[in-house]
Amino acid sequence: MLETLKKALKVKEIRKRLLYTFIMLIVVRLGCQVPIPFVNGDAIAEIMANNFASDSFSFFSAITGGSMENMSIFALNITPYITASIIMQLLTIAIPKLDELHKDGEEGRKKIAEITRYLTVGLAIIESTAIIIGFGNQGIFNTDSITYGDMHAIRKWGVIITGIAAMTAGSAVLMWIGERITEKGVGNGISIVLTINIVSGMPGDIANLFINYVGGDGKSIGGRLLAACIIVGVIVGIIVLVVILQDATRKIAVQMSQKVQGRRQVGGQQSSIPLKVNTAGVVPVIFASSLLQFPIVIASFFGNASEWTYYLNQSYWCNPSQPKYSIGFVVYLLLIVFFAYFYTSITFNPREVAKNLNDRGGFIPGIRSGKPTVAYLTKILNYIILIGAVGLIIVSIIPIVASGVAGANVSFGGTSMIIIVGVILETLQKIQSMVAERNYSTVKGIF
């Protein structure tokens, strides 16, 4: 990694791209600290201390970089864009017209990107409206003409429209920043913005872990060293597991048929189809977490949380003193497996792969073209999806188990680590390709 960065910094164009990315990320972090108008800072601190102490909000807090706790103009962050992108992926499979656009080359993809932007703004309006009304009911606004806790006054159009407009505009600006980073910076802009938000909260969480379990009075030196080794070991172990999970692939050998062109035989090369073990990425974990935590979030907004929410709340899972609430934990694991198969089924089509392979004159050794190839690919895919889902489960449950057994609550967990490692690896690969392209252009110019 260091060698790649050294080579990249020697290239002027890449240096400019890295600097542009860095400046944009500074803008993102500054915007996360600017509150929306009319917000009562003391009320926000109290409400957020109660709500975000729960694991039901911890992941949302992590991916927004703490901007929700500040009720900032970037409070929604890029979550509407992520949701819109996932919805568009699902609709592309369900709606033939969108599928045609997706296959229509660059113009079709631009059209889909435009639709995604409009959908992002629509989702941002809906989410910001729910947040403004929900938290507004708990007295977060402070103006000369508005009484605390008076829902009739809080619903005044000026305050509501201002809050909704500020949050929606903030989400749109972040979407624009992400696209500009992709165009003029390095890597996938949206992913990089998401990663910097998660990373921003990690130093504080790690420091709290060491303060709670390593520091303090009455602990022996041996006990402190053991606690420090356990914390470091768990973090390093999660990172290693995520790297292995992200890089693991199953290569299916492919043989290209030989063809006669004139007096020569062409083709006959050997190739492979790389199938990633974690084909669905972090999406199954996000889907499973969102599905379970959404009722809790809504109940918390309107003050209707009750004991039934404990079954869905990660704070109560794997707690030896309250084993009944771990039913939600089992449901969570099953949902990860389900969404791993579901999401892969809509993003990877064995029938289409088999057709493309046949059109190019290729075949899998020992497997006939057509339906046998489809059946073989489906069998292999189902096998590696299960392995990938188990890997996701292992990575995601380590923080949950640690929280339930030892009370080690942190805003980042297995899901966050998967995102961070995946984005870092993807960005480094992008930088390596830019360096290689630069070197190729230089050699080509010499000759």
Side-chain angles (χ1 to χ4, degrees), residues 85-109 111-112 115-116 244-262 264-288 291 333-394 418 422 426 429:
S85 298
I86 293 174
I87 291 174
M88 286 301 299
Q89 286 184 336
L90 298 176
L91 292 179
T92 299
I93 304 299
I95 302 177
K97 183 64 176 178
L98 290 177
D99 188 40
E100 291 178 8
L101 284 175
H102 180 70
K103 297 177 180 178
D104 195 25
E106 187 67 23
E107 290 299 323
R109 285 191 290 271
K111 187 64 177 178
I112 290 179
I115 297 173
T116 303
I244 294 174
L245 187 62
Q246 291 295 102
D247 282 348
T249 57
R250 167 67 186 274
K251 294 183 178 181
I252 299 177
V254 173
Q255 180 70 42
M256 305 305 293
S257 301
Q258 290 186 346
K259 298 179 181 179
V260 178
Q261 291 184 355
R264 296 186 305 167
Q265 284 188 340
V266 296
Q269 301 95 342
Q270 290 185 346
S271 183
S272 63
I273 302 175
L275 298 179
K276 292 192 66 174
V277 172
N278 186 24
T279 309
V282 74
V283 172
V285 180
I286 295 177
F287 274 17
L291 188 63
L333 302 184
L334 294 176
L335 285 175
I336 290 178
V337 176
F338 170 76
F339 283 121
Y341 278 95
F342 173 76
Y343 190 76
T344 304
S345 67
I346 65 175
T347 56
F348 185 90
N349 189 347
R351 189 179 302 277
E352 184 176 341
V353 173
K355 181 179 181 300
N356 292 336
L357 192 62
N358 184 63
D359 292 342
R360 294 169 55 191
F363 62 92
I364 299 174
I367 306 296
R368 289 183 298 172
S369 299
K371 291 184 178 180
T373 299
V374 175
Y376 179 78
L377 289 174
T378 302
K379 178 182 176 181
I380 297 298
L381 188 63
N382 289 335
Y383 174 70
I384 64 174
I385 289 174
L386 181 60
I387 296 177
V390 171
L392 284 175
I393 287 173
I394 294 174
I418 293 173
E426 179 185 354
Q429 290 173 356

**Q** So how far is it from Ile387 CD1 to Asn278 CG, rounded to the nearest 0.5 Å?
**A** 11.5 Å
**Q** So Ile364 and Leu357, side chain to side chain contact (heavy atoms under 4.5 Å, CB included) or not? Walk me through it.
**A** CA-CA 9 Å; Ile364 299 174; Leu357 192 62; 4.1 Å; yes
**Q** Which distance, rounded to the nearest 0.5 Å, do you find between the CG of Leu381 and the CD1 of Ile273?
**A** 11.0 Å
**Q** Could you pull out the closest heavy-atom pair between Arg368 and Thr373, with the gap in Å?
**A** O-OG1, 2.6 Å
**Q** Give me the atom names and distance for the closest heavy-atom approach of Gly391 to Leu245.
**A** C-CD2, 3.8 Å
**Q** Check Met88 against Ile112 and note the closest heavy-atom contact, atom names and distance.
**A** CE-CG2, 3.9 Å
**Q** So which atom in Leu101 and which in Lys111 form the shortest heavy-atom distance, rounded to 0.1 Å?
**A** CD1-CG, 3.9 Å
**Q** Of the non-hydrogen atoms in Pro284 and Leu392, which two are nearest, and what is the gap between them?
**A** CG-CD1, 4.0 Å
**Q** Going by the angle between their ring planes, with limits at 30° and 60°, are Phe342 and Phe338 parallel, tilted or perpendicular?
**A** parallel
**Q** How many angstroms lie between CD1 in Ile385 and OG1 in Thr344, if you round to the nearest 0.5 Å?
**A** 4.0 Å
**Q** Do you know the tightest heavy-atom contact between Arg351 and Val374?
**A** CA-CG2, 3.8 Å
**Q** Checking Ser272 side chain against Ile252 main chain: does a donor-acceptor pair fall under 3.5 Å?
**A** no
**Q** Would Ile393 and Val337 count as a side chain to side chain contact (heavy atoms under 4.5 Å, CB included) if you check the C-alpha gap in whole Å, the side-chain angles of each, and the deciding distance to 0.1 Å?
**A** CA-CA 8 Å; Ile393 287 173; Val337 176; 3.8 Å; yes
**Q** Counting N and O atoms only, with roles assigned by atom type, does the side chain of Asn382 sit under 3.5 Å from a partner on the main chain of Thr378, one being a donor and the other an acceptor?
**A** yes
